[in-house]
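First comes the structure, then the notes that go with it.
As a basis for the values below, the full set of heavy atoms in this structure was taken, side chains included, without hydrogen atoms, waters or symmetry mates.
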Amino acid sequence: NNLKFVEFNNKYELLLAQYKHIKQEKSVLVKEVKKLRQQIIDKDALKTEILTKMSDNELLHKSKCEEYEEEINTLKTQHSDIVDHIKLLIDTLSECNNKIESFSDT
């Protein structure tokens with residue numbers, strides 16, 4: 001009877017040691033899971049921040065492109081006006097030149 005009790009006690013001690021070991025491993029795993037969850041939260045926050053910056057940069061880029069398009073159109077209009085003015089000056093000078101030549105012929 002005493003032998004069975006010792007055997008039972010040894011089994012109990014072995015199971016208790018295994019239980020403590022498993023409990024310790026579980027604690028380590030729970031801490032690791034918490035750490036990994038925090039990393040996921042941090043990465044999601046960083047991802048959101050990056051996407052927001054990208055969106056802001058995209059809007060800024062679009063705005064700048066529109067500004068540049070307006071400036072290009074303004075410069076095209078000014079260029080066209082200058083070319084028209086130069087043509088008018090050339091026509092006027094040509095007409096003056098023709099009148100001078102006509103006057104000198106007489």
Query - Residues Lys99 and Glu95 bridged, charged N to O under 4.0 Å - result: yes
Report task. May I ask you to decide if Glu70's main-chain N or O and Thr74's side chain share a donor-acceptor pair within less than 3.5 Å? Result -> yes
Query raised in the report: CG/Asn97 to OG1/Thr92 distance, rounded to the nearest 0.5 angstrom?
Result: 12.5 Å
Query raised in the report: Can we say Glu58 and Lys62 salt-bridge, meaning some charged N sits less than 4.0 Å from an Asp/Glu carboxylate O?
Result: no
Query raised in the report: Quick one: does Asn9's side chain have a donor or acceptor within less than 3.5 Å of a partner on Phe5's backbone?
Result: no
Query raised in the report: Looking at Cys96, Ser102, Ser94, which hits side-chain contact (heavy atoms from CB on, under 4.5 Å) with Asn98?
Result: Ser94
Query - Pairwise distance CG(Leu60) to OG(Ser55) - rounded to 0.5 angstrom - result: 11.0 Å
Report task. Could you tell me whether the side chain of His61 reaches within less than 4.5 Å of the side chain of Asn57, counting heavy atoms only? Result -> no
**Report entry** Under 3.5 Å donor-acceptor, Thr52 side chain and Thr48 backbone
**Finding:** yes
Query raised in the report: Any side-chain heavy-atom pair from Ser80 and Asp84 closer than 4.5 angstrom?
Result: yes
**Report entry** Atom pair NZ/CG of Lys87 and Asp91 - distance to nearest 0.5 Å
**Finding:** 9.0 Å
Requested in this report: Answer yes if Leu51 and Leu46 sit in the same cluster of Ile, Leu, Val, Met, Phe, Trp and Tyr residues linked by side chain heavy atoms under 4.5 Å apart, and no otherwise.
Outcome: yes
Pairs under 3.5 angstrom only: tabulate donor-acceptor contacts from the side chains of residues 19-39 to other protein residues two or more places apart or in another chain.
| unit_1 | atom_1 | unit_2 | atom_2 | d |
| --- | --- | --- | --- | --- |
| His21 | NE2 | Glu25 | OE2 | 2.8 |
| Gln38 | NE2 | Asp42 | OD1 | 2.8 |

Query raised in the report: With a 4.5 Å limit on heavy-atom distance, are the side chains of Lys64 and Glu67 in contact?
Result: yes
Report task. State plainly whether one hydrophobic cluster holds both Ile90 and Ile82, where clusters connect Ile, Leu, Val, Met, Phe, Trp and Tyr through side-chain heavy atoms under 4.5 angstrom apart. Result -> yes
Requested in this report: Nearest 0.5 Å please: distance from the OG1 atom of Thr77 over to the CD1 atom of Ile72.
Outcome: 12.0 Å
Query raised in the report: Quick one: CD on Gln78 to CD on Glu71, what's the gap to the nearest 0.5 Å?
Result: 9.0 Å
Report summary line: In this structure, CG of Leu15 is separated from CG of Asn10 (nearest 0.5 Å) by 11.0 Å
